[in-house]
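What follows is one structure encoded as structure tokens, with my remarks underneath.
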Amino acid sequence: MIRFLCGACPINKSSAEPMRLSRYFLPILRETPKEAELVSHRLMLRAGMIRQEAAGIYAFLPLGLRVLNKICAIVREEQDRSGAIELLMPTIQSADLWRESGRYDDYGKEMLRIKDRHEREMLYGPTNEEMITEIFRAYVRSYKDLPLNLYHLQWKFRDEVRPRFGTMRAREFLMKDAYSFDLDYAGARHAYNKMFVAYLRTFARMGLRAIPMVADTGPIGGNLSHEFIILASTGESEVFCHRDYLKFPIPDADVNFDDVAAIQAIVDTWTSRYAATSEKHDAAAFEALPADKKMSARGIEVGHIFYFGTKYSKPMRAVVAGPDGGEHPVQMGSYGIGPTRLVAAIIEAFHDDAGIKWPEAVAPFRLAILNLKQGDSATDAACESLYRELSARGVELLYNDLDERPGPKFAAADLIGIPWQILVGPKGLAEGKVELKCRADGSRELLTPADALARFAR
RNA sequence: CGGAGUGUGGCUCAGCCUGGUAGAGCACCUCGUUCGGGACGAGGGGGUCGCAGGUUCAAAUCCUGCCACUCCGACCA
């Protein structure tokens, strides 16, 4: 099946093809490379997910790419559900565009500036507000074409002084960035709210509880902004919030994004309690909370949304005709999610001493078959049969058919964190059984191959 | 960008102080024995010791410069 959509871009659909380990490329490391400090960084290197090519610049190896694609697929589904429309902008931009907004000089050394063969000044995009505004103004003339929310998933480059923590704080990173366009503040506020709700769903589907916190707007600008933070002991920043955030409900998949009042109500709930990062922390307000509701923890920022009005539309003259016939600079917002950072963040949330414990929604494979005695005819036959039957039913699985002892197979399966393992060996088969192990809680049960098949068949 | 440190086979590291023919474990290849939680034996392949100069009869080792990477700090999706 051809799944190739776009060679150099990160837009490939997840591959559901089952795989034999003997034909796969999974360079597992038994020892931990010394540079890795953070547990997610260590595990990503050991599990053969990434390879560092320069400081803060990583290649995604096949296993890492599968996870990244799963994450992108969820991001995409929830963006689409909320009404955003995907396009794809380039990584390289012209400096002229950034001079229009005035940010070319403001952005500083974080921006990677390059020259082409004609000595024209170019840059590797750290974000795309200018470019999307340029695209918008080229085509959109009337308020009747609004609201509009355009997004893409593309590699960004920010030349961090000090990249660290693997893909958590890389210089090159994948980002989903969406940009909303509306005629007035009310429309822009609804666009902001829609993204807010989409983000709640997006992170929840990955098994994460992300808490929206009042945030600084930084060099993007604007005055309404939330960071979506997941709590993890290894988080980079200190955060403070009300304990109620741990149990607020996640909006259903059938939420109506056109229902302005309903969407606003969800946002109101999710902004009704104290929640702030250290930069915006109000110690007095936090101290006023009941003692059993106070939560201070470390957090990882996995998403950030901004409303910034006409900050770019005014200088770049992105205007539409309103119902009054006059010209109005368009009201904008931008909305980011970092999939490459999420890969690491999810590992921070789901791991143990043996390795990664992927939530099913983002797991590189759903199921692993471990042949515990390769070469034993009954064992081989049972494995092959399971592999064939499960493949035929579309189960994403990795079959460890290496001529290896059981120990390393157990260790590898635990390390790469596939949610379910079927252990097939002569001992069990003598009783007509295979063993099903759940990576998340370590539970095991014996069952017949037919029952195992039924368990995973859709 | 300030401070600290590290570059020796694919990985983890020893050797450097006190210069004298490059090592170990793991990984890899071959053969045999093994085989339900990272086996064992025998044999084998693989490194211009980050780069460039310098000192010396002789440099992984001493000196100078450069580069890369890591950690602490300021900065950040």
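Side-chain atoms are counted along with the backbone in the values below, which use heavy atoms only and exclude waters and symmetry mates. Each chain gets a letter, A, B and so on, in the order its sequence line appears, and its residues count up from 1.
What separates CD of Gln52(A) from C1' of rU70(B) is a distance of 9 Å, to the nearest Å. For the pair Leu402(A) CG and rC28(B) P, the computed distance is 10 Å after rounding to whole Å. Rounded to whole angstrom, the span from the NZ atom of Lys280(A) across to the P atom of rC76(B) amounts to 13 Å. For Met168(A) and rC76(B), the CE to C1' distance is 14 Å, given to the nearest whole Å. Distance Glu37(A) CD to rG5(B) C1': 13 Å, rounded to the nearest Å.
If you check every strand for non-hydrogen atoms under 4.0 Å, Lys437(A) touches a base. Nucleic acid contact for Gly336(A): none, since no nucleic acid atom lies under 4.0 Å from a heavy atom of the residue. The residue Ala411(A) sits close to a base: some heavy atom pair falls under 4.0 Å. Among the atoms of the strands shown, base atoms are found under 4.0 Å from some heavy atom of Asp414(A). Counting non-hydrogen atoms under 4.0 angstrom, Arg171(A) reaches nothing in the nucleic acid. Across all strands shown, Ala170(A) has heavy atoms under 4.0 Å from base atoms, whether or not it also approaches the sugar-phosphate. Among the heavy atoms of the strands lying under 4.0 Å from Gly428(A) is at least one base atom, whether or not backbone atoms are also near. Among the atoms of the strands shown, none is found under 4.0 Å from any heavy atom of Leu370(A). Using a 4.0 Å heavy-atom cutoff across all strands shown, Ala54(A) reaches sugar-phosphate atoms only and no base atom. Residue contacts for Glu435(A): at a heavy-atom cut-off of 4.0 Å it reaches a base atom on one of the strands shown.
If you check distances only, the side chain of Arg164(A) never reaches the base of rU70(B) with a donor-acceptor pair under 3.5 Å. Between the side chain of Arg169(A) and the base of rC76(B) there is at least one donor-acceptor pair of N/O atoms closer than 3.5 Å. In terms of polar N and O atoms assigned as donor or acceptor, the side chain of Glu404(A) never comes within less than 3.5 Å of the base of rG38(B) in a complementary pairing. Contact annotation: side chain of Arg162(A) to base of rG3(B), donor-acceptor pair absent below 3.5 Å.
In this structure, Arg366(A) forms no cation-pi arrangement with Phe456(A), as its terminal cationic atom is not both closer than 6.0 Å to the ring centre and no more than 45° off the ring axis. Note that Arg20(A) lies outside the cation-pi zone of Tyr399(A), set by a 6.0 Å cut-off to the ring centre and a 45° limit from the axis.
Checking side-chain atoms of Lys176(A) against main-chain N and O of Cys72(A) turns up no donor-acceptor pair under 3.5 Å. The main-chain N or O of Tyr335(A) is found under 3.5 Å from a side-chain atom of Tyr199(A) such that the two form a donor-acceptor pair. Formation of a donor-acceptor pair under 3.5 Å by the Lys156(A) side chain with backbone atoms of Leu174(A) is not found in this model.
Across the strands present, rA24(B) finds its partner in rU12(B); the criterion is a Watson-Crick or G-U wobble pair with both atom distances under 3.5 angstrom. Taking a pair to require two hydrogen-bonding distances under 3.5 Å in either a Watson-Crick or a G-U wobble arrangement, rA39(B) pairs with rU33(B). Here rU6(B) sits opposite rA68(B) as a Watson-Crick or G-U wobble pair (both hydrogen-bonding atom distances under 3.5 Å). Base pairing annotation: rC62(B) forms a Watson-Crick or G-U wobble pair with rG54(B), both donor-acceptor distances under 3.5 Å. Base pairing analysis places rU18(B) opposite nothing; no Watson-Crick or G-U wobble pair with both distances below 3.5 Å involves it. Within the shown strands, nothing qualifies as a pairing partner of rC76(B) under the Watson-Crick or G-U definition with both distances less than 3.5 Å.
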Sugar-phosphate or base contact per nucleotide [nucleotides 7-15 of chain B; S, B, -; heavy atom under 4.0 Å]:
----BSS--

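A distance of about 35 Å separates the C1' atoms of rG10(B) and rU56(B), rounded to the whole Å. Rounded to a whole angstrom, the distance from the C1' atom of rC49(B) to that of rC40(B) is 33 Å. A gap of 30 Å separates the C1' atoms of rU21(B) and rC67(B), to the nearest Å. With both ends at atom C1', the span from rA60(B) to rU48(B) equals 12 Å, rounded to whole Å. Distance noted for atom P between rC26(B) and rG41(B): 9 Å (whole Å). Taking atom C1' on both rC31(B) and rU70(B), the two are 43 Å apart, rounded to the nearest angstrom. Distance noted for atom C1' between rC13(B) and rA52(B): 27 Å (whole Å). Nucleotides rU18(B) and rU61(B) place their C1' atoms 10 Å apart, quoted to the nearest Å.
Closest approach to the Arg405(A) side chain among rC35(B), rC1(B), rG38(B) is made by rC35(B) (side chain taken as heavy atoms from C-beta onward).
The number of heavy atoms from other shown groups lying within 6.0 Å of CD (Glu53(A)) is above 12.
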Side chain to side chain contact (heavy atoms under 4.5 Å, CB included) between Phe136(A) and Val330(A), intermediate numbers included
CA-CA 10 Å; Phe136(A) 177 91; Val330(A) 73; 3.8 Å; yes

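Note on Arg30(A): a side-chain N or O is less than 4.0 Å away from OP1 or OP2 of rA27(B). For Arg158(A) and rC76(B), the shortest distance from a side-chain N or O to OP1 or OP2 is not below 4.0 Å.
Taking both residues in full, the closest heavy atoms of Tyr24(A) and Leu63(A) are given as OH-N, 3.7 Å, listed atom of the first, atom of the second, then distance. Closest of all the heavy-atom pairs between Asp282(A) and Tyr274(A) is N-OH, 2.7 Å.
Ring planes of Phe228(A) and Phe203(A): tilted class, angle from 30 to 60°.
In terms of position along RNA chain B, the nucleotide closest to Arg46(A) lies nearer the 5' end than the nucleotide closest to the other residue of the pair Arg46(A) and Phe173(A).
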